[in-house]
Amino acid sequence: MKKTIKKICFFIISLVILTLLFPGLKVFGETEITETLGARYYVEENVETNFLRSGIVHVKDKAMSSTDESGMSAGGSDSSGGTVIANQFYPQSVNVLTVPSQSGVKVVNWTLTNPLGWTLATVRELAKDFEKNNPGWKVVAAINGDFFDIKGIGALPYQTNGVTVSNGEVLRPITNNATIGFTNNGTENSLVAGKNFQVGQHQLDVFDNNGEIIASFAINSFNTEPDEGETNLYFTFPYLENGERKEQTQVVPPENSYTVISPIRGLAMSANKFYGKGKINVVGEERTLTLGQFAIVTKNAELKALLAQNVLIRIQQPVIGDYAECDNIIGGGVTLVLNGEGYNPTDFNRHPRTMVGRKADGTLVFATVDGRQVAKNMYGMLQEEMAALMLHYGCVEAYNLDGGGSTTMIIREGNNFRVVNSPSEDNERRDSNALLIVVPELTLNIAGITDHSLNLSMLTPQKEVVIDNVKVTVNNQTLLMEDNAVEFTNLAPSQSYEVTYTYDLTYQGLTRRMTGEPFTVRTGKTKPTVNKFTYELIDGEYIISWDYSDPDEIVTQAYIKIGTEIEFVREKTGSIAIPKNKVEGKTVNLIFKGDWDSDPSERFEFSYIAEEIKPVKKGCQLGASFYYLQTVLTVTAVLLIFKRRK
């Protein structure tokens, strides 16, 4: 008994000493509760933690939050949760990305590439579209972005509500509420917000063949002839009249005009707001412009000397002032945290939420909270609860983005993306833009795959990233990629092969030897084999016969093609009779179509030419008979003569 008491006393004293020495130590699972503005937040359980590239970390937490407000719906538009009870904790599902501020990690505000306007897309679709249009970069994770014209009722439908600057392209220079900029400079000043957003007057940039700006000129006016030495912009723009969308069409004069008919992007927002980029297609031609097309009409001799067909030009309003150092800028909502404290709550409804913030060292924090799903313990948050959440994860400033059904977070898993939160509409909503966390990295593409070969390719990276000396290994064979392509042959059918690769990556003057993320490919199944394919003229008809093997059953369609006529083949062995006049003078083909594997993109088509069996001509047969008879008679006569002499 005395020994037991001593042990208990020793244990208690040890706990006291540990608590005094390490006051931050959590004893018996002590919960860290963050409080601000009458709201409280704590993590109940970490569900998963994923260490992504370049120090980027994703965590999914089961959490609890409360507010001193009451009376509003506890589950937002999901009324099954009743009304909020002040200071009562409600369960939450929270996903958080922490992104260290460092060279080689960028935040990009991306919109779906559409030459003539805006197109809504899911966050995953936006991530894939970015990689398609930005070789040398990979998306590590992403969240949804700004509020937007979800019903498409604007003059130029589906635009974001606020500013959109994407990798220096000022697609929309119009503010709404908050404006949040990302410097991507690797310092503690990684985010700019709460400032006055400003842009200069419209500017024309002229590019050389390497994509570098060689000259810039001010745009003096719109849709009018320029004065001497001036440059004007022509474009057709949309407008609303009593809720009906209309267009103010413009005609380009033939003199001194340079027109972009097929823009990379042409966004006419109003009579005096335009972004456009593309190569000049037409010079000195009168033309009526459709929406998205634009033209430069200039009486500036210096500019005219630079402009010609196929010259790349851009029209935009450059960012100036507080946000000038930001290459990616997005519109947002209310301020949640400022100077390390919760900020002036004005939003008192619970919704799914998407947020962005910054730690003191420049680390960026992206967070989502699921809501409107009471049955799943996902209640959503109001503003002060969001502030408590962002303070809990270390933010000194934080801002609200579009939420509700838009709230989405994805992370990269291999060559695919996984949605880690629970969108309130059960499926990903199509949004106007997304914030992508990207890193410079090589992507290998499968250019072709058969039963015995694999072709891999890469796109030439953008000018800021240089990738060379790419070595790819498949089936213990290492090949150097040449002209952005490499082929492996002599592979076995229906086999899985791991693809590994290394390469030199140069970014911001620093070259590193990189190891790509391995992936697995599977060769196609065994190619069908034709054992017999012939045609023979018999009694005025051609008899077409075939016999083929398809051991892996990959042929989905087989048919005989004679000229333009088609006869489908139902069995692997068989024959058909075709009238003579339908075959003579034409090529007879046996054509197979099918899939190398389950991937529809890996379809094949093979064609085989039939061998004609030509019968021996009747005239030749008769001549042979005469020759035989003549030979017999001759031999007989010789024998008779020989016999008589004897």
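Source: prediction; values computed, not measured.
A donor-acceptor contact shorter than 3.5 Å is absent between the side chain of Arg353 and the backbone of Val369. Of the possible donor and acceptor atoms, none in the side chain of Thr259 sits under 3.5 Å from a partner among the backbone N and O of Ile261. Listed for the Thr506 side chain is no donor-acceptor partner under 3.5 Å among the backbone atoms of Thr511. Using a distance-only test at 3.5 Å, with no hydrogens or angles considered, no donor-acceptor pair links the side chain of Asn242 to the main chain of Glu244. Thr187 places a side-chain N or O within 3.5 Å of a backbone atom of Asn189 that can act as its donor or acceptor partner. Here the side chain of Gln159 pairs a donor or acceptor atom with the backbone of Leu156 at under 3.5 angstrom. The closest donor-acceptor contact from the side chain of Asn484 to the backbone of Ser457 lies at 3.5 Å or more, if one exists at all. The main-chain N or O of Gly380 is found under 3.5 Å from a side-chain atom of Gln92 such that the two form a donor-acceptor pair. With hydrogens and angles disregarded, a donor-acceptor distance shorter than 3.5 Å links the side chain of Thr236 to the backbone of Leu289. At distances below 3.5 Å, not a single donor-acceptor pair connects side-chain atoms of Asp347 with backbone N or O atoms of Val334.
Shown here is Glu247, whose CD atom has more than 12 heavy atoms of other residues, nucleotides or ligands within 6.0 Å. In this structure, Lys279 places its NZ atom where only 12 or fewer heavy-atom neighbours from other residues, nucleotides or ligands lie under 6.0 Å away. More than 12 heavy atoms of other residues, nucleotides or ligands sit less than 6.0 Å from atom CZ of Arg245. Within 6.0 Å of atom NZ in Lys128, 12 or fewer heavy atoms from other residues, nucleotides or ligands are found, so the atom counts as exposed in its surroundings.
Among residues at least two apart or in separate chains, there is no side chain to side chain donor-acceptor pair (under 3.5 Å) pair with a member in residues 329-344. Sorted by first and then second residue, the side chain to side chain donor-acceptor pair (under 3.5 Å) pairs involving residues 302-314 (not counting sequence neighbours) are Glu169-Arg314, Asp205-Arg314, Asn256-Lys304. Applying the salt bridge (charged side-chain N to carboxylate O under 4.0 Å, His left out) definition to pairs two or more places apart or across chains, those involving residues 389-402 are Arg358-Glu397. Applying the ring pair (Phe, Tyr, Trp, His ring centres under 6.0 Å) rule to pairs touching residues 278-325 yields Phe197-Tyr323, Phe274-Phe294, sequence neighbours excluded. Each salt bridge (charged side-chain N to carboxylate O under 4.0 Å, His left out) pair with one or both residues in residues 147-166, not counting sequence neighbours, would appear here, but there are none.
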Does Ser65 form a side chain to side chain contact (heavy atoms under 4.5 Å, CB included) with Tyr379? I'd like the steps, not just the answer. CA-CA 9 Å; Ser65 71; Tyr379 279 77; over 6 Å; no

Run the side-chain hydrogen bond (donor to acceptor under 3.5 Å, both in side chains) test on Thr175 and Thr179 for me, step by step, so that the C-alpha distance in whole Å, both residues' side-chain angles and the decisive distance to 0.1 Å come before the verdict. CA-CA 7 Å; Thr175 60; Thr179 300; 5.5 Å; no

Hey, mind stepping through Phe51 and His58 against side chain to side chain contact (heavy atoms under 4.5 Å, CB included) and telling me if it holds? CA-CA 6 Å; Phe51 297 96; His58 161 255; over 6 Å; no

Is there a side chain to side chain contact (heavy atoms under 4.5 Å, CB included) between Val319 and Val165 once you walk through the steps? CA-CA 9 Å; Val319 178; Val165 177; 4.2 Å; yes

CA sep, side-chain torsions, deciding dist, call: Phe222, His202, ring pair (Phe, Tyr, Trp, His ring centres under 6.0 Å): CA-CA 10 Å; Phe222 308 109; His202 284 76; 5.0 Å; yes

Criterion side chain to side chain contact (heavy atoms under 4.5 Å, CB included) on Asn95 and Asp61, from CA distance to verdict: CA-CA 6 Å; Asn95 285 274; Asp61 288 337; over 6 Å; no

Ser406 vs Asp431, side-chain hydrogen bond (donor to acceptor under 3.5 Å, both in side chains): CA-CA, chis, key distance, verdict: CA-CA 7 Å; Ser406 296; Asp431 302 316; 3.1 Å; yes

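For the salt bridge (charged side-chain N to carboxylate O under 4.0 Å, His left out) test, residues two or more places apart in sequence or in another chain that qualify with Lys106 are Glu464. For Lys138, the salt bridge (charged side-chain N to carboxylate O under 4.0 Å, His left out) criterion is met by Glu441, not counting sequence neighbours. In this view, Asp78 satisfies the salt bridge (charged side-chain N to carboxylate O under 4.0 Å, His left out) rule with no residue, not counting sequence neighbours. When the side chain to side chain contact (heavy atoms under 4.5 Å, CB included) test is applied to Glu241, the partners found at least two apart in sequence or on another chain are Tyr239, Lys246. In this structure, Phe366 has no ring-ring contact (aromatic ring centres under 6.0 Å, His included) partners at least two apart in sequence or on a different chain. In this view, Tyr503 satisfies the ring-ring contact (aromatic ring centres under 6.0 Å, His included) rule with no residue, not counting sequence neighbours. Remark: Tyr399 pairs with no residue by the ring-ring contact (aromatic ring centres under 6.0 Å, His included) rule, at least two apart or across chains.
Under the 6.0 Å distance and 45° angle rule, Arg124 does not count as a cation-pi partner of Trp110. A cation-pi geometry, defined here as NZ or CZ lying under 6.0 Å from the six-membered ring centre and within 45° of its normal, does not hold between Lys273 and Phe237.
Nearest approach of Glu255 to Val297, heavy atoms of both residues: O-CG1, 3.9 Å. Of all non-hydrogen atoms in Pro423 and Asp370, the two that sit nearest each other are N-OD1, 4.5 Å. Across all non-hydrogen atoms, the minimal contact from Val252 to Ala295 is CG2-CB, 3.6 Å. What you find for Asn109 and Val163 is that their closest heavy atoms are ND2-O, 4.3 Å. Among all heavy-atom pairs drawn from Gly405 and Ser424, the shortest one is CA-OG, 3.4 Å. Contact record, Gly136 with Val465: O-CG1, 4.1 Å, taken as the closest heavy-atom pair.
Within the 4.5 Å cutoff, no side-chain heavy atoms of Trp137 are placed close to those of Pro461. Side-chain contact between Val419 and Thr122 is absent, with no heavy-atom pair separated by less than 4.5 Å. A 4.5 Å side-chain heavy-atom check between Pro253 and Glu225 finds at least one atom pair inside the cut-off. Counting heavy atoms from C-beta outward, Leu116 and Pro263 have side chains that approach closer than 4.5 Å. When side chains are defined from C-beta on, Phe182 counts as touching Ile330, because their heavy atoms get closer than 4.5 Å. In this structure, Leu97 and Met409 have side chains that are in contact, with non-hydrogen atoms separated by less than 4.5 Å. Counting only heavy atoms from C-beta outward, the side chains of Arg172 and Met269 approach each other to under 4.5 Å.
With hydrogens and angles left out, the side-chain atoms of Asn232 and Ser221 include no donor and acceptor closer than 3.5 Å. A donor and an acceptor atom, one from each side chain of Thr67 and Glu385, are nowhere located under 3.5 Å apart.
One finds no salt bridge joining Lys359 and Glu188 here, because no Lys/Arg side-chain nitrogen approaches an Asp/Glu carboxylate oxygen to under 4.0 Å.
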